[in-house]
2 protein chains.
Amino acid sequence: MTAQNSATLDPGSPVPLYQQLYLLLRSQIHGGALRPGDKIMGEAELCEAYDVSRITAKRALNELADTGLVIRKRGSGTRVTDRLPPQPLKASIDGLLEKVGEMGRNTSVRVLSSALMPAPPEIRAALNLPEGARALQSRRVRSLNDQSVSFLEAWIPEDVAEGAALEAESPTPMLLQLERAGISVSSATQTITATLADALSAAALDVPMGAPLIDTRRVVFDAQDRAVEFIRVLYRPELYQIEVAMRRVQGDNGAAWVPRPTGRPEGRPDRPGAPATKAPKTP
Amino acid sequence: MTAQNSATLDPGSPVPLYQQLYLLLRSQIHGGALRPGDKIMGEAELCEAYDVSRITAKRALNELADTGLVIRKRGSGTRVTDRLPPQPLKASIDGLLEKVGEMGRNTSVRVLSSALMPAPPEIRAALNLPEGARALQSRRVRSLNDQSVSFLEAWIPEDVAEGAALEAESPTPMLLQLERAGISVSSATQTITATLADALSAAALDVPMGAPLIDTRRVVFDAQDRAVEFIRVLYRPELYQIEVAMRRVQGDNGAAWVPRPTGRPEGRPDRPGAPATKAPKTP
DNA sequence: GCTTATTGGCATAACATTATGACAAACGGG
DNA sequence: CCCGTTTGTCATAATGTTATGCCAATAAGC
């Protein structure tokens, strides 16, 4: 049984071939299969491998070059950029950044919009609101070093928002404002999945439509188990990833994995999970 | 600052307009904004609302009808199908299914390939192997109810694999085989991100290339802190999602979120988080 | 039965995507 | 310096996408 890499794009897809190939190569670079300095297959080879015409392969490679991920040279070929696209940030499931190792980052939050509006059904279901209830919607973008990392949409029930006198236009996280207003946040349920950038998130995060995004949804409860906030955050996977450290414990009914909360405590050396790209470059 | 909910489409995107509109409406249905039985805006209204021609609106609606999400009737209009698509499975971060509520599921594992081969650089980095080292690669697909849910690629260093006398062709999870062979698994580091289906994973999971996938990578360590396995698992987000329940605790330096290991213990009701992802479309 | 709303279908035209093929220009190795 | 390799550029043709406009067929209300 052999591991074969029969690679074929889907000509029947509504997404144009050059875009399919571009996204594919892009994810290979971000995922670590193609490393900085590596030589990418030439246009001719790509034609062969993916059964497309040279114009299509060329366009995919040119899009990569336009994004700065590769460098193309006549007669020489196409190579992945040396300057490593910065390692994606690692964050624990609580959504707070951890590996802010280099502290030179300019982090910033921009409020795109905020308004009190009737909560759509999906939000009502998450927040357990009656039909016709209104909620405060706030959309924000978080940037690090002038790169948009995450796009966020928060919903807070009208009564909660009023009671806490929230400043929706302030870049201060809504959750923090809630806590400052005396609402004791006690638990949350978070769902992690993947999605594609639509027009709205693509514009906010400065990625092409159809790019993959990490999609997290969280419902936050106060001490009385009342849902006080629903947040959906979309992250750019090449800039931000979720990392979980786990310990194996023996329980009553067999072994189980226990997530270790935050940081990198118990003497576990900092072991890369072999995500994205590799670190150093030869001198 | 107003929240413009008119998520305008992007005529400049490589993704055709009818597809953008199709995806938009589709995510509204999956997300709960449009509920079963609801009447969707007619072609004329969609033209107005999204500034597209009727042919485009019609095509988007027809794609929805082809997928079975809506029913169109001349003179009457377009309505969301009554039967709602099944909820995705929820699993905790340890990768083990939980919501196997209905126990009638036929779960099965198929071994696609397995081979001892030189470990590619990205794997060597994860497993801390020297250049030229070999590793056992095993690719598997896990299905539930005849639907492919996850695609898995495991790498085990040659010496570990030999010492444990692994049966790579057996559907028994490699990690379980390692444990049975006396290798005590004690900790792991897992990274969660999002990616696009390439040719290989698309074929294995029966989704179109370019579909979004949840991408988890895990390095497993034994009691001696030796990396014994690297696993990369790709999940179909419309069938499988990761769920984390968290508790807020007061620590020494401020509050922190503590993940609650597994299951849905402390009386927290089951709260849906509403996904919005791409499904396979067979033209 | 008549009217209105809504989808189905067709024709035309402008533009984007893709394949095929040919030639020019830069790079690198012998 | 020559030569093979690789990318840059161009032209042509088939196909897909989108807008505009028109008319037919079906459903629902009066």
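Please read all numbers here as calculations on a predicted model, not as lab measurements. Each chain gets a letter, A, B and so on, in the order its sequence line appears, and its residues count up from 1.
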**Q** State, to 0.1 Å, how close A:P118 and A:W155 come at their nearest heavy-atom pair, and which atoms those are.
**A** O-CZ3, 4.4 Å
**Q** Output the rounded distance in Å from CG (A:D51) to P (C:dT18).
**A** 13 Å
**Q** The side chain of A:R74 is closest to which nucleotide in this list: D:dT18, C:dT18, C:dA26?
**A** C:dA26
**Q** If I take atom CG in residue A:L64 and atom C1' in nucleotide D:dT7, what distance separates them, rounded to the nearest angstrom?
**A** 15 Å
**Q** Could you give the NZ-to-C1' distance, from B:K58 to D:dT17, as a whole number of Å?
**A** 16 Å
**Q** Identify, between B:M41 and A:Y18, the residue whose nearest nucleotide on DNA chain C lies closer to the 5' end.
**A** B:M41
**Q** Mapping A:G75 and A:I55 to their closest nucleotides on DNA chain C, which lands nearer the 5' end?
**A** A:I55
**Q** Given C:dT6, D:dT9, C:dT17, which nucleotide is nearest the side-chain atoms of A:R59?
**A** C:dT17
**Q** How about A:L61 and A:V70: do any of their side-chain heavy atoms sit closer than 4.5 Å?
**A** no
**Q** In whole angstrom, what separates A:E43's CD from C:dT20's P?
**A** 15 Å
**Q** Please determine, for the side chain of A:R72, which listed nucleotide (C:dT7, D:dG8, D:dT18) has the closest atom?
**A** D:dG8
**Q** Identify whether the distance between the nearest side-chain nitrogen and carboxylate oxygen of A:E45 and A:K39 falls below 4.0 Å.
**A** no
**Q** Please determine if a side-chain N or O atom of B:T78 lies less than 4.0 Å away from the OP1 or OP2 oxygen of C:dT6.
**A** no
**Q** From NZ of B:K39 over to P of D:dA27, roughly how many Å is that when rounded to an integer?
**A** 14 Å
**Q** Any side-chain N or O of B:K73 below 4.0 angstrom from OP1/OP2 of C:dT6?
**A** no
**Q** Return the angle between end axes of the helix from C:dG1-D:dC30 to C:dG30-D:dC1, with five pairs used per end and rounding to 10°.
**A** 30°
**Q** Choosing from D:dA28, C:dG28, D:dT18, which nucleotide comes nearest the side chain of B:S76?
**A** D:dA28
**Q** Testing the basics here: between B:S13 and B:Q20, what is the closest heavy-atom pair and its distance to 0.1 Å?
**A** CB-NE2, 3.6 Å
**Q** Looking at A:E63 and A:R26, is any side-chain nitrogen of the basic one under 4.0 Å from a carboxylate oxygen of the acidic one?
**A** no
**Q** Heavy atoms from C-beta onward define the side chain here; which of D:dT9, D:dT17, C:dT6 lies closest to that of B:P16?
**A** D:dT17
**Q** Can you tell me the distance, in whole Å, between the CD atom of A:E48 and the P atom of C:dT20?
**A** 12 Å
**Q** Starting from C1' on C:dT7, measure out to CG on B:L46 and report it in whole angstrom.
**A** 13 Å
**Q** Any heavy-atom pair between the side chains of B:L23 and B:Q19 that's under 4.5 Å?
**A** yes
**Q** Would you say B:N62 reaches C:dT7's phosphate, i.e. side-chain N/O to OP1/OP2 under 4.0 Å?
**A** no
**Q** Above 12 or not: heavy atoms from other molecules or residues under 6.0 Å from CG of A:D146?
**A** no
**Q** Might you point out which heavy atoms bring A:P14 and B:P16 nearest each other, and give the distance in Å?
**A** O-CD, 3.2 Å
**Q** What is the distance from CZ of A:R79 to C1' of D:dT7, rounded to the nearest Å?
**A** 14 Å
**Q** Reckon A:R54 touches a base, only the sugar-phosphate, or nothing at all at heavy-atom distances under 4.0 Å?
**A** base
